[in-house]
Amino acid sequence: MTTSPFVTATSPVINPVTTQQIGEVGSASVEETDAAIARAQEAFGPWRDVAPGERARLLRAFAAVVDLHNEELARIEVANAGHTIGNARWEAGNVRDCLNYYSAAPERLFGKQIPVPGGVDLTFHEPLGVVGIIVPWNFPMPIAAWGFAPALAAGNTVVLKPAEVTPLTAIRLGELALEAGLPEGVFTVVPGKGSVVGERFVTHPAVRKVCFTGSTAVGKQIMKGCADQVKRVTLELGGKSANIVFADTDVAAAAASAPYAVFDNAGQDCCARSRILVQRSAYDEFVGRLEESVKALKVVDPALDESEMGPMVSAAQRDSVQRYIDGAHVAFTGSRPDGDGYWLPPTVVESTSTDEAVWREEVFGPVVAVMPFEDEDEAISLANDTEYGLSGSIFTENLGRALRVARGVESGNLSVNSHSAVRYWTPFGGFKQSGLGRELGPDAPNAFTEEKNVFIAH
Ligand code: NAP
Ligand code: MG
């Protein structure tokens, strides 16, 4: 089993289907983290100075090596995180795609030439230096790549801390980067605890930016810590997104797609549409059809090609979700396999009050709360009655309404008549307490640079 070459302590890694230990990986100390940051700092100057076309070539080589190892990476994620094999293959492919997309950035980090009297004015996008990326356990590969691909493309070096429970694919990606020819120290995976390694990224002065994805509570702590050094920070936090179904839509189609928008990755998804708002005249039909589609969901061993939902990532996460289920009025559930794994069935709750915990809080498991609404205004106000604002969907055949509601919902990523997943070439991020800053899309490399203005007198 993989262990990091430079750390001494270890922590166990568990398979959530078997609940058995599948390995041990390094858990870095503060001193070991400092050593990794020092190497990244040393590697920064030479990496910044690599010719743009050569940096691009190295990122494409990294993408090609990741692609060659797609099945291996996917199988590791199935064993470590319980992701379905179909999802895990997509996730490894997403790492490749992010690297390829941002490999086009080094030659295109354009500045501006701005008209000024008495000289020439130029802007440059200078890399920041060492970037620290802190990754949660729910999408270990994509979330890592959304940070490291544009950061490396813009000329930064990266230290990356995977979640303690799901470090294996990140460690493998670190090895593949070296295999592809990235110089030592340019991309270093530092496994360990958030309170040790993650905290050190925040306090170490050589780390110039922290990209954090995880809970809102820890995100707030990180933002406070970064304030001390006015350290740049990007936060991708929780969500409580609404799937808004108007009666004028194809109700059968909306009910057939709704389970995938919340139960994908067993609901452990910050974009999960975990509240479904249904216009009252279509409510009974929708809930009836939803029951059919939830009961048909294939909750089976995630290693099987047909699997549509696996277990929770850990016993702690299962227990935390179970507490929400125990406190709610469950309308119906889908199935779950027998056995020891951290399984929960997909669960549908009919909420009667917006005060219910299951309606307000990010459950981060396979639980969805459904509630009726009367009209467009009520739909928007219910959707916005949350501290979060990450994602959401709107189902209607009325184009004007689709646009009014899309503009009215305070959320960073909305889809109409679909539940589109995150695309690497469009911007992603949250309103309100769902985050700060944006990842992905054409502008992501700029978020890993400082804009410098230079005036040259004639
Ligand atoms: P978390 O505590 O926010 O962890 C996210 C990452 O931050 C992990 O790598 C974690 O390290 C690290 N971390 C923890 N404390 C830190 C600190 N003080 N300084 C720096 N880094 C630190 O999330 P969680 O405990 O895994 O999950 C709890 C809840 O957060 C979930 O139930 C869900 O509601 C939410 N969540 C949201 C997302 C999202 O995509 N928005 C992702 C995951 C979780 P460790 O490995 O030590 O934990
Ligand atoms: Mg935590």
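Each ligand, and each atom within it, is numbered from 1 in the order the structure gives.
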**Q** With heavy-atom distances below 4.5 Å as the criterion, would you say the side chains of Val262 and Val367 are in contact?
**A**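 No, their side chains stay 4.5 Å or more apart.
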**Q** Applying a 4.0 Å heavy-atom criterion (strictly less than), which segment of Asp269 is in contact with ligand 1: side chain, backbone, both, or neither?
**A**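 Under 4.0 Å from ligand 1, Asp269 contributes no heavy atoms.
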**Q** Looking at ligand 1, is there an atom of it that comes within less than 4.0 Å of some heavy atom belonging to Phe212?
**A**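 Contact present.
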**Q** Tell me: protein heavy atom nearest atom 18 (N) of ligand 1, and distance?
**A** Glu199 OE1, 3.5 Å
**Q** I'd like to check which ligand 1 atoms, numbered from 1 as shown, lie under 4.0 Å from a non-hydrogen atom of Cys270.
**A**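 Counting atoms of ligand 1 from 1, those under 4.0 Å from Cys270 are 39 (C), 40 (O), 41 (N).
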**Q** Between Trp343 and Met309, what is the shortest heavy-atom contact and its length?
**A** CZ3-O, 3.7 Å
**Q** Salt bridge check, Glu387 against Lys432: does any charged N sit closer than 4.0 Å to a carboxylate O?
**A**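 Here Lys432 does not pair with Glu387 in a salt bridge, since their nearest N and O are not under 4.0 Å apart.
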**Q** Has Lys209 got its NZ or CZ under 6.0 Å from the middle of the six-membered ring of Phe448, at an angle within 45 degrees of the ring axis?
**A** yes
**Q** I'd like to check which ligand 1 atoms, numbered from 1 as shown, lie under 4.0 Å from a non-hydrogen atom of Lys193.
**A**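 The list of qualifying atoms is 47 (O).
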**Q** Under 4.0 Å from a heavy atom of Thr213: which atoms of ligand 1 are those, numbered in the order shown and with their elements?
**A**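 Counting atoms of ligand 1 from 1, those under 4.0 Å from Thr213 are 5 (C), 40 (O).
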**Q** Show me which atoms of ligand 1 lie under 4.0 Å from any heavy atom of Gln317.
**A** 32 (O)
**Q** With heavy-atom distances below 4.0 Å as the criterion, list the atoms of ligand 1 near Asn138.
**A**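 By the 4.0 Å cutoff, the relevant atoms are 40 (O), 42 (C), 43 (C).
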**Q** Is it true that Glu71 and Arg89 have a side-chain N and a carboxylate O under 4.0 angstrom from each other?
**A** yes
**Q** Under a 3.5 Å cutoff, is there a donor and acceptor pairing between the side chains of Ser415 and Arg273?
**A**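 Side chains of Ser415 and Arg273: pair found under 3.5 Å.
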**Q** Using the test ring-ring contact (aromatic ring centres under 6.0 Å, His included), find all partners of Tyr342 that sit at least two apart in sequence or belong to another chain.
**A** none
**Q** Tell me which protein heavy atom sits closest to atom 46 (O) of ligand 1, plus the residue, atom name and distance to 0.1 Å.
**A**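 The closest heavy atom on the protein side is Glu164 N, 2.6 Å.
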**Q** What's the shortest distance from atom 11 (O) of ligand 1 to any protein heavy atom, and which residue and atom give it?
**A** Lys161 NZ, 3.1 Å
**Q** Against heavy atoms of Gln221, which atoms of ligand 1 measure under 4.0 Å?
**A**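 Under 4.0 Å from Gln221, ligand 1 has these atoms: 18 (N).
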**Q** Just jot down the salt bridge (Lys or Arg N to Asp or Glu O under 4.0 Å) partners of Glu184, sequence neighbours excluded, or say none.
**A**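 Salt bridge (Lys or Arg N to Asp or Glu O under 4.0 Å) list for Glu184, sorted by chain: empty.
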**Q** With heavy atoms of Val135 as the reference, note each atom of ligand 1 found under 4.0 Å away.
**A**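 Reading through ligand 1 atom by atom, the close ones are 6 (C), 8 (C), 9 (O).
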**Q** Of all the atoms in ligand 1, which lie at a distance below 4.0 Å from a heavy atom belonging to Pro136?
**A**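 Heavy-atom distances to Pro136 below 4.0 Å select 42 (C), 43 (C).
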**Q** Just to confirm my output: which protein heavy-atom neighbour is closest to atom 15 (N) of ligand 1, and how far is it?
**A**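 The closest heavy atom on the protein side is Val218 CG1, 3.6 Å.
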**Q** Looking only at protein heavy atoms, which one is nearest to atom 41 (N) of ligand 1, and how far off is it?
**A**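 That would be Leu237 O, 2.6 Å.
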**Q** Cut-off 3.5 Å, side chains only: do Gln317 and Ser314 have a donor facing an acceptor?
**A**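 Result is no, nothing qualifies.
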**Q** Give the residue and atom name of whichever protein heavy atom lies nearest to atom 25 (O) of ligand 1, and the separation in Å to one decimal.
**A** Trp137 NE1, 4.6 Å
**Q** So is Gly194 polar-close to ligand 1, meaning N/O to N/O under 3.5 Å?
**A**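 There is such a contact, yes.
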**Q** Are Trp137 and Phe364 close enough that their ring centers fall under 6.0 Å?
**A**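 Ring centres of Phe364 and Trp137 closer than 6.0 Å.
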**Q** Can you see which heavy atom on Pro140 is nearest to which on Thr169, and at what distance?
**A**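 For Pro140 versus Thr169, the nearest heavy atoms are CB-OG1, 3.8 Å.
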**Q** To the nearest 0.1 Å, how far is atom 30 (O) of ligand 1 from its closest protein heavy atom, and which atom is that?
**A**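 Protein heavy atom with the smallest distance to atom 30 (O) of ligand 1: Ser215 CB, 3.0 Å.
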**Q** Identify, for atom 35 (C) of ligand 1, the protein heavy atom at the shortest distance, and state residue, atom and that distance.
**A**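 In this structure, atom 35 (C) of ligand 1 has Glu362 OE1, 3.7 Å as its nearest protein heavy atom.
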**Q** Considering all heavy atoms of both residues, which atom of Leu290 and which atom of Val348 are nearest to each other, and what is their separation?
**A** CD2-CG1, 4.0 Å
